[in-house]
Every structure is written in structure tokens, then in C-alpha cells.
Asker: 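Below is one structure. I have some questions about it.
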Amino acid sequence: ADDGDVELELETVRHQPEGLEQLLAQTKFTKKELQSLYRGFKNECPSGLVDEDTFKLIYSQFFPQGDASTYAHFLFDAFDADRNGALCFQDFAVGLSVLLRGTVHQKLTWAFNLYDINKDGCITKEEMLEIMKSIYDMMGRCTHPTLRDSAPAEHVELFFQKMDRNGDGVVTFEEFLETCQK
């Protein structure tokens, strides 16, 4: 297919009503990059939508030594901006644009959103521990030196010592942003 076909297809996909021009405005990708991303997306997901189980399957291929399913669940939620339980190409392209080409502030906002599991505007130790455990599970037991079972909780404690500036037991976006920027 030539570029014209891809552009036309991008603008008429059932699950992607936003056209190429709108995605160009929303992302920091070029037209050719968006077309290439779209081809890859449609190749993996011919329906134009990725449900969480499919996302987990695709993501788990990158971490065969561990169990990536829980971390993939959190990532899926972070990409699913409209919270409809499925990723369309727009969700994917916008999230990827932030991660690859976003400003420091945009990347930190995205990361905070990943850690704020219940989306209440702050990160609790429980939320952070869930994410940390999922990262350690994903990395598998093949790490050297071998990690202790207490490693995720120790990681969370260190995170909170640095981030929880007022000591109230939660990390707000302002605390997260301020500490990361230092």
C-alpha cells in the first residue's frame, strides 16, 4: 500500500475516528512515523483495538524470564487514557509520543499516573508496593545478585523517604514532580 492508502485507512478506521491530521497535532511524530506505527499496530491488532489480555500477551514477550502480567496491567491502564478498557491507535500513539518525545513534565505526569493506581491524585505506599512487586516479578528470579523477598518493600521505603516531603504517608503530584526535578 502506498502512503495515500495508509492515510485514507488511518482516517476511516472504525475504532479510530480521529484522522491523521489530528494525531499529528496531538503527538510529536511525523506523518511517516505515524503511518509506520499504524502499520505495526494494525499488524498486531487487526481489529484496531487492543484489549488488556492481548496487551499482556504482547508485552510478556519482552520479559520471558519473569511474569510481566501484573506490570502490563498497570501499563495498560496508563495507556488507556479514556478508560474504556481497550487501546485504540490514538491511545497508543499519544502515550508513546509522551514517553519518547515528551517534555520532562509530560513524562513525569505519565509516570505519576502509572503509579497512582486508583487515580485519586496521590501515590500511597500500598500502590507503590504493588507496582514494585510487579516490576520485580517481571524481571524474574534470574537477577544477580539474587534479590531478597524484602527488596520491593525496601525500594518503596526509599522512594517515600525521598518523595514524601511533608511526611503524611502519601506522595502528591507536586511532591513527585519537585523531587524528580531535583
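Just so you know, these numbers use all the heavy atoms, side chains as well, and skip hydrogens, waters and symmetry mates. Since the structure is predicted, the reported quantities are computational estimates derived from the model, not experimental observations.
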Asker: How about F29 and L24: do any of their side-chain heavy atoms sit closer than 4.5 Å?
Answerer: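 Not in contact.
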Asker: Please report the closest heavy-atom contact between D91 and A86, naming both atoms and the distance.
Answerer: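 Shortest heavy-atom separation between D91 and A86 comes out as OD2-O, 3.3 Å.
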Asker: Are E33 and K28 close enough for a salt bridge, meaning some N to O gap below 4.0 Å?
Answerer: no
Asker: Look at the side chain of S36 and the backbone N and O of K32, then say whether any donor-acceptor pair between them is shorter than 3.5 Å.
Answerer: no
Asker: Taking all non-hydrogen atoms of both residues into account, name the closest pair between C45 and V50 and its distance.
Answerer: SG-CG2, 3.0 Å
Asker: Taking the side chain as every heavy atom from C-beta outward, state whether C122 and V171 have any atom pair closer than 4.5 Å.
Answerer: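 C122 does not reach V171 side chain to side chain.
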Asker: Under 6.0 Å between ring centres: does that hold for H105 and F173?
Answerer: yes
Asker: Taking all atoms of both residues into account, what is the closest heavy-atom pair of G85 and F76, and its distance?
Answerer: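 Closest heavy-atom pair between G85 and F76: O-CZ, 3.4 Å.
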Asker: Look up atom NE2 in H73 and atom CD in E52, then write down how far apart they are to the nearest 0.5 Å.
Answerer: 5.5 Å
Asker: Distance from F55 atom CZ to D77 atom CG, nearest 0.5 Å?
Answerer: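 Going from CZ on F55 over to CG on D77, the span is 9.5 Å.
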Asker: Between E127 (side chain only) and T124 (backbone N and O only), is there a donor and an acceptor less than 3.5 Å apart?
Answerer: yes
Asker: Quick one: does any side-chain atom of E175 pair with a main-chain N or O of T172 as donor and acceptor, under 3.5 Å?
Answerer: yes
Asker: Determine yes or no for a side-chain-to-main-chain donor-acceptor pair under 3.5 angstrom, with R83 supplying the side chain and D80 the backbone.
Answerer: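 Yes; at least one donor-acceptor contact below 3.5 Å.
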Asker: Looking at E157 and K125, does any basic side-chain N land under 4.0 Å from a carboxylate oxygen?
Answerer: yes
Asker: Check the side chains of T54 and D51 for a donor-acceptor pair under 3.5 angstrom, ignoring hydrogens and angles.
Answerer: yes
Asker: Using a cut-off of 6.0 Å, state whether more than 12 heavy atoms not belonging to H155 lie near its atom NE2.
Answerer: no
Asker: Under 3.5 Å, is there a donor-acceptor pair between the side chain of Q106 and the main chain of V98?
Answerer: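 No.
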Asker: Considering non-hydrogen atoms only, spot the tightest contact between I131 and Y115 and give its length.
Answerer: CG2-CE2, 3.3 Å
Asker: Can you confirm whether more than 12 heavy atoms, excluding those of K107, are under 6.0 Å from its NZ atom?
Answerer: yes
Asker: Is it possible for you to say whether L114 and V170 belong to one hydrophobic cluster, with membership spreading through side-chain heavy-atom contacts below 4.5 Å?
Answerer: no
Asker: Looking at CD1 of I123 and CE of M163, how far apart are the two atoms once the value is rounded to the nearest 0.5 Å?
Answerer: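 Rounded to the nearest 0.5 Å, the CD1-CE separation comes out at 7.5 Å.
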Asker: Please verify the inter-ring angle class for F89 with Y38; under 30° counts as parallel, over 60° as perpendicular, anything in between as tilted.
Answerer: perpendicular
Asker: Do D137 and F63 come within less than 4.5 Å of each other through their side chains, counting heavy atoms only?
Answerer: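 No, side chains not in contact.
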Asker: Can you tell me how far the CZ atom of R165 sits from the CZ atom of F160, to the nearest 0.5 Å?
Answerer: 14.0 Å
Asker: Tell me, with the steps shown, if K133 and L129 meet side chain to side chain contact (heavy atoms under 4.5 Å, CB included).
Answerer: CA-CA 6 Å; K133 282 181 176 173; L129 186 58; 3.9 Å; yes
Asker: Okay, side chain of D67, backbone of M138: is any donor-acceptor separation there less than 3.5 Å?
Answerer: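 Between the backbone of M138 and the side chain of D67 there is no qualifying donor-acceptor contact (under 3.5 Å).
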Asker: Just by distance, do the side chain of S60 and the backbone of K56 share a donor-acceptor pair under 3.5 Å?
Answerer: yes
Asker: Hey, would you say the W110 and F79 ring centroids sit under 6.0 Å apart?
Answerer: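 Yes.
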Asker: Is there side-chain contact between F159 and M132, with heavy atoms separated by less than 4.5 Å?
Answerer: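 No, their side chains stay 4.5 Å or more apart.
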Asker: Please give me the minimum heavy-atom distance between A72 and Y59, naming the atom from each residue.
Answerer: CB-CD2, 3.9 Å
Asker: Is any side-chain heavy atom of L34 closer than 4.5 Å to one of T27?
Answerer: yes
Asker: In the single-linkage hydrophobic clustering (I, L, V, M, F, W, Y; side-chain heavy atoms under 4.5 Å), do L57 and F92 co-cluster?
Answerer: no
Asker: In this structure, would F62 and I135 fall into the same cluster of hydrophobic residues linked by side-chain contacts under 4.5 Å?
Answerer: yes
Asker: Is there a donor-acceptor contact under 3.5 Å from the side chain of K162 to the main chain of T179?
Answerer: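 Such a contact is absent between K162 side chain and T179 backbone.
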Asker: Would F176 and V104 show up in the same hydrophobic cluster when neighbours are defined by side-chain heavy atoms closer than 4.5 Å?
Answerer: yes
Asker: If you measure from CG on D82 to SG on C88, what distance do you get to the nearest 0.5 Å?
Answerer: 6.0 Å
Asker: Which atom pair, heavy atoms only, marks the closest approach of D164 to N166?
Answerer: OD1-OD1, 3.1 Å
Asker: Nearest 0.5 Å, what's the OG-NZ distance between S47 and K42?
Answerer: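 One finds 7.0 Å between OG of S47 and NZ of K42.
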Asker: Can you check side chain to side chain contact (heavy atoms under 4.5 Å, CB included) on L96 and L37, steps first, answer last?
Answerer: CA-CA 10 Å; L96 208 54; L37 279 172; 3.8 Å; yes
